**Q** 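Sending over a structure as structure tokens; questions will come in a sec.
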Amino acid sequence: MAVTSPILNVMIKAAEKAARSLIRDFGEVEQLQVSQKGPGDFVSAADKRAEELIFEELKKGQPTYGFLMEESGEHAGSNPDFRWIVDPLDGTTNFLHGIPHWCISIALEARGELTHGLIYDPVKDEMFTAEKNGGAFIRRNKRLRVSGRQDMMRATIATGAPRRATGDQERFLREYTAVLNVSPGLRRFGAAALDLAYVAAGRYEAFWERKLQPWDVAAGILIVKEAGGFIAELDDHKANPLETGNILASNEGIFSDIKKVLKSTA
Ligand code: IPD
Ligand code: CA
Ligand code: CA
């Protein structure tokens with residue numbers, strides 16, 4: 001088994017604690033599904049509970065670090081060099097509908113650089129982790145490598161659709177059609193952090209989505225890179241997808257092809 005650093009151990013402990021709470025709540029969702037009101041409020045409480053547990057554990061481990069968390073926003077730390085970036089529940093719509101495809105995502109940024117990433121899918125008990133220059137792993141002991149496939153026709157590619165109110169749906173539909181024309185294996189699973197982890201694990205050759213938030217992609221960006229994959233900003237090669245939220249993650253084999261196909265729809 002690979003040796004785990006103290007920082008990663010803190011992250012694992014926090015994720016496991018939140019996972020126990022989320023798994024308990026996920027069990028309740030099925031019952032609430034059949035009620036007239038549905039599980040909406042219950043799930044947003046579950047989400048907040050998980051975030052609080054993660055906050056407490058990370059704070060206990062590193063009392064001086066700051067936070068950027070989906071539910072509660074920014075918390076400045078006394079040490080401005082370090083910041084946790086946390087999505088306590090990615091794939092909320094899946095969770096809400098009793099679909100077992102959601103995860104916890106935790107990343108650490110040190111002086112503006114991602115140094116540690118963890119994505120945990122507790123239903124499948126799959127934990128994806130990476131440390132900068134230390135490689136990426138699944139279940140802490142098996143090294144992750146992106147896929148070696150080079151042929152778009154035989155690739156599996158995932159994406160996420162924009163919400164009507166916030167996204168450019170026409171642009172998305174042009175991109176979707178263009179990719180579908182050259183690569184029939186398109187998927188839309190509904191948990192962006194897991195999509196990135198799956199690129200790292202060689203399950204899909206690529207993933208793209210626009211207007212994501214830092215907590216959706218921070219851990220995944222590092223995990224993909226450490227698994228030998230490529231990350232790009234969809235429109236501006238100089239921009240940082242952690243900041244713009246427009247991200248392409250891919251193996252080396254189809255990276256330039258899919259980039260070209262997506263660009264052709266601008
Ligand atoms: C969402 C998921 C989804 C993506 C959305 C995200 P949430 O995060 O990652 O796959 O398409 O853009 O907002 O709300 O489930 O944490
Ligand atoms: Ca999310
Ligand atoms: Ca979330």
Side-chain angles (χ1 to χ4, degrees), residues 14-15 18-19 21-23 25-26 29 38-55 58 67-74 84-107 114 117-123 126 128 156-169 171-173 175-176 179 186-200 203-204 206-224 231 233-234 241-249 262:
S21 166
L22 286 168
I23 285 281
D25 291 335
F26 190 60
V29 165
D41 290 347
F42 176 82
V43 169
S44 74
D47 200 344
K48 290 203 179 77
R49 245 189 318 271
E51 182 163 303
E52 277 159 25
L53 290 170
I54 293 170
F55 180 83
L58 295 178
F67 288 81
L68 173 64
M69 309 189 91
E70 180 174 14
E71 301 304 320
S72 57
E74 298 240 26
W84 299 108
I85 304 177
V86 177
D87 191 343
L89 172 57
D90 185 56
T92 320
T93 307
N94 287 341
F95 189 98
L96 187 70
H97 289 261
I99 299 168
H101 192 75
W102 46 270
C103 65
I104 294 160
S105 175
I106 304 175
L114 295 167
L118 175 155
I119 293 170
Y120 184 33
D121 170 349
V123 175
E126 288 192 322
F128 305 86
T156 305
I157 297 173
T159 186
R163 295 199 177 108
R164 195 141 62 110
T166 56
D168 177 351
Q169 284 198 326
R171 175 77 194 267
F172 171 73
L173 290 172
E175 289 179 339
Y176 192 89
V179 174
L186 264 176
R187 300 284 186 275
R188 197 278 193 247
F189 281 105
L194 276 182
D195 287 330
L196 289 165
Y198 281 22
V199 172
R203 294 174 182 172
Y204 328 139
F207 163 69
W208 91 94
E209 186 165 350
R210 290 179 178 277
K211 297 198 172 160
L212 288 167
Q213 298 295 328
W215 45 81
D216 297 318
V217 297
I221 286 175
L222 185 68
I223 295 172
V224 168
I231 296 284
E233 212 282 342
L234 283 170
L242 183 68
E243 283 157 22
T244 67
N246 303 324
I247 191 166
L248 168 65
L262 291 169

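Both counts, for ligands and for their atoms, begin at 1 and track the order of listing. Since the model is a prediction, treat every value here as computed from it, not as a measurement.
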**Q** Assess the residue pair Phe128 and Leu196 against the criterion (side-chain contact (heavy atoms from CB on, under 4.5 Å)); give the C-alpha distance rounded to whole Å, side-chain angles, the decisive distance to 0.1 Å, and a yes or no.
**A** CA-CA 10 Å; Phe128 305 86; Leu196 289 165; over 6 Å; no
**Q** Looking at Ser44 and Asp41, would you say the former's side chain and the latter's main chain have a donor-acceptor pair under 3.5 Å?
**A**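 It does hold such a pair.
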**Q** What protein N, O or S atoms come within a distance below 3.0 Å of the Ca ion (ligand 3), ordered by chain and number?
**A**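 Sorted hits: Glu70 OE1, Asp87 OD1, Leu89 O.
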**Q** Using a 4.0 Å cut-off on heavy atoms, what residues surround ligand 1? Order them by chain and number.
**A**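 Those residues closer than 4.0 Å to ligand 1 by some heavy atom are Glu70, Asp87, Leu89, Asp90, Gly91, Thr92, Arg163, Arg188, Gly190, Ala191, Ala192, Glu209, Leu212, Asp216.
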**Q** Find the distance between NZ (Lys48) and CE (Met69) and round it off to the nearest 0.5 Å.
**A**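 Between atom NZ of Lys48 and atom CE of Met69 there are 13.0 Å.
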**Q** Is a donor on one side and an acceptor on the other found under 3.5 Å between the side chain of Asp90 and the backbone of Ala193?
**A**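 Looks like yes, one N/O pair under 3.5 Å.
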**Q** What pairs of donor and acceptor atoms, side-chain ones from residues 93-107 against any protein atom, are under 3.5 angstrom apart with sequence neighbours left out?
**A**
| from | atom 1 | to | atom 2 | distance (Å) |
| --- | --- | --- | --- | --- |
| Asn94 | ND2 | His101 | O | 2.8 |
| Asn94 | ND2 | Phe189 | O | 2.9 |
| His101 | ND1 | Lys124 | NZ | 3.1 |

**Q** Looking only at atom types and distance, does a side-chain atom of Glu51 sit under 3.5 Å from a main-chain N or O of Ser72, one as donor and one as acceptor?
**A**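 Flag set: sc Glu51 to bb Ser72 pair under 3.5 Å.
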**Q** Going from CZ on Phe207 to CZ on Arg187, what distance comes out if it is rounded to the nearest 0.5 angstrom?
**A**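 Going from the CZ atom of Phe207 to the CZ atom of Arg187 covers 14.5 Å.
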**Q** Using distance alone, with no hydrogens and no angle criterion, decide if Thr159 and Glu209 have a side-chain donor and acceptor under 3.5 Å apart.
**A**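 Looking only at side-chain atoms, Glu209 and Thr159 do not form any donor-acceptor pair under 3.5 Å.
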**Q** Not counting sequence neighbours, which residues clear ring pair (Phe, Tyr, Trp, His ring centres under 6.0 Å) with Phe55? List them please.
**A**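 Partners of Phe55 under the ring pair (Phe, Tyr, Trp, His ring centres under 6.0 Å) test: Phe67, His75.
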